[in-house]
Amino acid sequence: MLYQKTTQSMIAIFAMLVAVTGSVHAESAAPKLANVTILATGGTIAGTGASSTTTVGYTAATVGVQSLIKAVPELAKVANVTGEQVFQIASENMSNEHWLTLAKRVNVLLAQNNVDGIVITHGTDTLEETAYFLDLVVKSRKPVVLVGAMRPSTALSADGPINLYNSVLLAASPEAAGKGVLVAMNDQIQSARDVSKVNTSTLDSFRSSELGFLGYIQGGKPFFYRQSLRKHTTETEFDIGALQSLPQVDIVYGYANMNPVAVDAFMAAGAKGIIHAGVGDGSLAAKVVPSLKAARAKGAIVVRASRVGQGILARNGEANDDQLDFVAADTLNPQKARILLMLALTKTNSTKEIQRMFYTY
Ligand code: DAS
């Protein structure tokens, strides 16, 4: 009798322990999810086509952020997600004002303890430019990930949902902190500084050329293999907090028999900087040099970049930058050189200082 009672009490105690331990274990087993805010700006990822086979000729920027989130219920498994519709535009219409608004919102959110990371959904056409601008002005080490899609949300095998899932997962990952602004497309992780869109329509349009992307996202995890050695985010000298506008900087494209009137026209329109996207290693056609010299004489900063897309633009290589008082773009493509020059001009007009910045960021 006594033995029976003792056993029953032990079973009762054991059951209670399992219940408590079990529930404690269950609670401790569910890791706290990171808080990720999705800032939506438009683009193909928010686009719709007439049919499921429409992958070109669709309408970008039609689907709202809540619909984007609702379309990927798996997001809830990797982060506590909230969404904000900052703009709803095709990214070819992105402007300096959009960039300032977006960057200021990012900095406000990242300063909040209840925000661990940010994903920005964006059109692919200027995604690399917005990413680099943010790379230079975001003042936090928390992850900021830009994502787009090459197919509209209505298309067969649309890439938007998986790209969005991967981006939120990346923004929620501690490994993504402190690596600068990132771009997550096609299962790959790329740096804002070196990524570029290199194809008009294929899923693998975003590449980092010879400098290489940073890693992959696979099986619900990010895998990093490298990171940029250039300064970014909290390490930069740029602060857009008080800025209401950015200096006008324009790009002239180099080609055989190019017409220097483009330089003159941009200067007449008030440009404070000219990016010369030259042939080869940034060569200057003899007929364009007088216009560039005149621009410099009026106080504009002239940066020699290259249209070729990769490699170092060598200072004093194809032109005597010391003598012309021009700046060499290093490995930045023309559209990114424009962004760095705009921000540089908010700090200085010294070509020596600006050249230092092109070797720093
Ligand atoms: N027009 C393109 C843009 O918004 C669509 C896209 O590729 O996202 O950038």
Side-chain angles (χ1 to χ4, degrees), residues 38-69 71-72 83-103 105-106 118-135 144-168 170-171 181-209 213 251 309 333-336 338-339:
I38 296 176
L39 297 180
T41 73
T44 293
I45 194 168
T48 47
S51 77
S52 62
T53 53
T54 307
T55 55
V56 287
Y58 51 81
T59 308
T62 55
V63 178
V65 65
Q66 297 309 333
S67 304
L68 293 177
I69 294 170
V72 189
E84 288 184 20
Q85 192 77 42
V86 188
F87 328 112
Q88 183 69 293
I89 61 170
S91 78
E92 59 268 30
N93 297 320
M94 199 56 79
S95 68
N96 290 352
E97 290 66 36
H98 286 120
W99 281 345
L100 288 169
T101 302
L102 180 61
R105 184 63 187 144
V106 166
I118 286 181
V119 166
I120 298 169
T121 58
H122 194 289
T124 59
D125 290 356
T126 60
L127 190 147
E128 68 197 76
E129 297 180 50
T130 302
Y132 188 50
F133 178 72
L134 294 171
D135 199 44
V144 175
V145 181
L146 271 81
V147 62
M150 295 307 294
R151 294 176 183 157
S153 61
T154 46
L156 274 177
S157 307
D159 53 330
I162 186 66
N163 283 351
L164 182 61
Y165 174 75
N166 282 343
S167 300
V168 169
L170 182 61
V181 170
L182 302 172
V183 173
M185 299 272 291
N186 197 36
D187 300 339
Q188 295 163 343
I189 305 169
Q190 317 222 32
S191 75
R193 182 188 188 277
D194 301 323
V195 71
S196 195
K197 182 178 179 179
V198 297
N199 187 292
T200 56
S201 60
T202 55
L203 295 181
D204 62 349
S205 291
F206 281 79
R207 305 286 181 85
S208 295
S209 70
F213 52 77
I251 302 173
N333 65 26
Q335 54 271 33
K336 290 185 181 177
R338 170 178 173 268
I339 292 165

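Indexing begins at 1, ligand by ligand and atom by atom, following the structure's order.
Counting heavy atoms from C-beta on, the side chains of F87 and M94 come closer than 4.5 Å. With contacts defined as side-chain heavy-atom distances shorter than 4.5 Å, the pair T121/L164 qualifies. Between L127 and K197, every side-chain heavy-atom pair lies at or beyond the 4.5 Å cut-off. Inter-residue side-chain proximity for L39 and H122 is flagged as unmet; no heavy-atom pair is nearer than 4.5 Å. A 4.5 Å side-chain heavy-atom check between E128 and N333 finds at least one atom pair inside the cut-off. With a 4.5 Å cut-off on side-chain heavy atoms, I38 and L68 do not count as touching.
Against a heavy-atom cut-off of under 4.0 Å, A90 is close to the following atoms of ligand 1: 4 (O). Listed by number with element, the atoms of ligand 1 under 4.0 Å from a non-hydrogen atom of G43 are 4 (O), 8 (O).
Summary of contacts: the protein heavy atom closest to atom 6 (C) of ligand 1 is T44 OG1, 2.5 Å. Protein heavy atom nearest atom 1 (N) of ligand 1, with residue, atom name and distance: E92 OE1, 2.8 Å. Of the protein's non-hydrogen atoms, the one nearest atom 4 (O) of ligand 1 is S91 N, 2.7 Å. Atom 7 (O) of ligand 1 has its closest protein heavy atom at T124 OG1, 2.4 Å.
In terms of polar-atom proximity, D125 is counted as a contact of ligand 1, with an N or O under 3.5 Å from an N or O of the ligand.
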